[in-house]
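Note that ligands are numbered from 1 as they come in the structure, with each ligand's atoms numbered from 1 the same way. Please read all numbers here as calculations on a predicted model, not as lab measurements.
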Amino acid sequence: MAETPNTELLKKLPQIEEVLQSPLLADLTHIPREIVTDAVRAQVDALRQRILGGAEPSIETEEIARAAAARAAGLSKPSLRGVINASGVIIHTNLGRSVLAQEAIDAVNEVIAGYSTLEYSTENMARGSRHDHCEPLICALTGAEAAIAVNNNAAAVMMVLSEFAAGHEAIVSRGEQVEIGGSFRIPDVMKQSHAHMVEVGATNKTHLSDYEAAITEETAMLLKVHPSNYRMTGFTESVDIRDLRSLADARKAETGQEILVYEDQGSGAFLRLDAFGNYAEPAVVESLNAGADLVSFSGDKLLGGPQAGIIVGRKELIARLKKNPLARAMRLDKMTLAALEATLRLYLDSEGAMERIPTVRMLIEPAECVKERAEALKAAVEKKLPKGCAELNVIPETSRAGGGALPMCDIASYALEVRFLAGNAQGCEEYLVQKCPTPIVARINQEAVLCDARTVQNEGEIEAIAEGFAAYFAELSNSASE
Ligand SMILES: *Cc1c(COP(=O)(O)O)cnc(C)c1O
């Protein structure tokens with residue numbers, strides 16, 4: 001590779017027009033010409049960058065045309081598509097967080113196949129509100145007076161802060177100044193919503209007296225933020241909702257000043273998952289009972305529904321949120337509403353919810369059942385692999401809840417471990433993601449590929465994983481015999 005750019009090569013790069021005239025591209029009549037032109041330009045630009053970086057790639061016109069054709073054709077292939085999650089991370093944000101229950105899928109299908117009652121009341125035969133579909137269910141499940149669902153919990157936090165704390169002070173503990181994945185940081189959200197953030201306490205310890213000392217006439221809110229996937233252990237202390245409530249009540253009795261107690265609960269849960277003992281995330285109802293005026297949480301984390309943010313709390317506060325222009329900007333569409341309503345309805349029967357909502361089911365499925373699935377996976381892979389290419393074992397593994405929930409919980413699980421006698425783990429992992437018709441996301445550990453069976457959904461996925469491994473080894477032996 002040359003150290004300095006090969007200027008001769010740069011000068012010889014073909015013109016866009018020249019590449020476009022190659023017979024291969026001239027025949028691409030089913031793709032709009034502008035798209036083909038853009039693809040050629042992108043391909044030539046990429047080559048120019050590589051040459052400037054010191055490389056000496058081939059600049060043959062036909063070859064550029066072929067690459068440009070592949071680029072243009074790529075647009076007609078789906079980008080957002082299903083994957084098989086064999087990573088063992090249950091609420092995997094990169095892989096779309098929660099898998100919806102069949103009931104939710106059916107509900108979405110029904111409202112997208114035709115017109116719906118999105119904003120129509122059959123009872124009054126007149127205009128209705130899209131808020132009416134989920135609110136009664138959320139209230140029934142949490143004991144809240146009122147509720148509103150918006151696009152996601154980040155939107156919910158933004159909306160609560162801008163409605164109730166814009167131009168005023170909101171007090172938050174330094175121990176809760178967290179950043180949640182995807183650059184959602186509490187101080188930045190505060191700034192965006194024009195609330196003045198007043199930080200109290202130290203990173204590890206915040207006392208009730210810290211909040212008390214920080215209250216001024218400008219204080220509109222005491223904000224508590226769930227630390228999500230961040231945990232401090234050891235010499236730590238935080239103030240719970242009950243104490244924040246007493247503080248706000250005392251201030252009201254003394255001066256008449258209204259201070260809201262709001263908790264951003266992050267994951268939120270309707271069921272306390274007793275399987276996780278002391279680590280179980282607090283349920284929404286517990287925060288409300290402890291005295292929070294408002295609580296917000298995600299729809300697609302522990303709840304196992306579609307992407308949404310749910311705000312519950314006092315009726316007059318929710319009524320103000322419904323009138324906030326942000327509620328219109330952040331409103332849910334009919335597909336999400338249908339999925340959310342159907343998921344919420346499943347929670348009316350908590351036993352049923354644990355079986356039917358995939359996220360919840362995966363979280364609590366006993367390790368022994370996961371082991372059976374791992375054994376089935378091993379048998380399926382074994383059947384398809386030629387002898388002598390890999391060693392297969394079912395091994396104990398640790399799954400994770402993901403999505404910022406239950407970060408301290410090691411969820412006992414089982415995985416299929418594939419050790420390579422031919423090929424290697426890196427090559428296989430790449431093949432499974434990039435070459436399989438449905439990408440398979442597994443993990444590498446010490447030169448082996450691990451498929452955690454906890455997040456593998458069904459027989460179909462087991463079969464697809466077996467085919468993925470078989471195809472990898474088949475390609476290996478093909479390229480060896482070439
Ligand atoms: C995940 C999380 C959010 C953001 O929720 P989204 O539904 O992803 O927008 C906000 N706050 C906390 C504490 C969280 O854990």
What atoms of ligand 1 come closer than 4.0 angstrom to any heavy atom of A154?
4 (C), 5 (O), 6 (P), 9 (O)

With a 6.0 Å cut-off (strictly less than), is the heavy-atom count around CD of E110, excluding the residue itself, greater than 12?
no

Using a plain distance cutoff, I'd like to know if H226 has any nitrogen or oxygen under 3.5 Å from a nitrogen or oxygen of ligand 1.
no

Under the rule for side chain to side chain contact (heavy atoms under 4.5 Å, CB included), what residues qualify as partners of I35, not counting sequence neighbours?
I31, P32, A72, L75

Below 3.5 angstrom, do we get any N/O pair linking Q265 and ligand 1?
no

Within 4.0 Å of some non-hydrogen atom of S298, the atoms of ligand 1 are 5 (O), 6 (P), 7 (O)

Can you find an N/O atom of R97 closer than 3.5 Å to an N/O atom of ligand 1?
yes

Heavy-atom distance under 4.5 Å between the side chains of I357 and Y347, does that happen here?
yes

Say whether D264 and ligand 1 are in contact under the criterion: heavy-atom distance to a ligand atom below 4.0 Å.
yes

Decide whether the shortest distance between a heavy atom of K301 and an atom of ligand 1 is less than 4.0 Å.
yes

For atom 5 (O) of ligand 1, which of the options N153, I186, V189 provides the nearest non-hydrogen atom?
N153

For ligand 1, find out whether one of its N or O atoms is nearer than 3.5 Å to an N or O atom of G266.
no

Step through the shown structure and confirm whether more than 12 heavy atoms of other residues, nucleotides or ligands are within 6.0 Å of CD on E316.
yes

Using a strict 4.0 Å threshold on nitrogen-to-oxygen distance, state whether R314 and E145 make a salt bridge.
no

Counting neighbours of CZ on R419 that are heavy atoms of other residues, nucleotides or ligands and sit closer than 6.0 Å, is the number greater than 12?
yes

Distance-only donor-acceptor check, side chains Y211 and T206, under 3.5 Å
no

Has ligand 1 got any nitrogen or oxygen that is less than 3.5 angstrom from a nitrogen or oxygen of D300?
no

Within reach of ligand 1, part of K224 (heavy-atom separation under 4.0 Å):
neither

How would you list, by chain and number, every residue that makes a ring pair (Phe, Tyr, Trp, His ring centres under 6.0 Å) with Y472, sequence neighbours excluded?
Y431

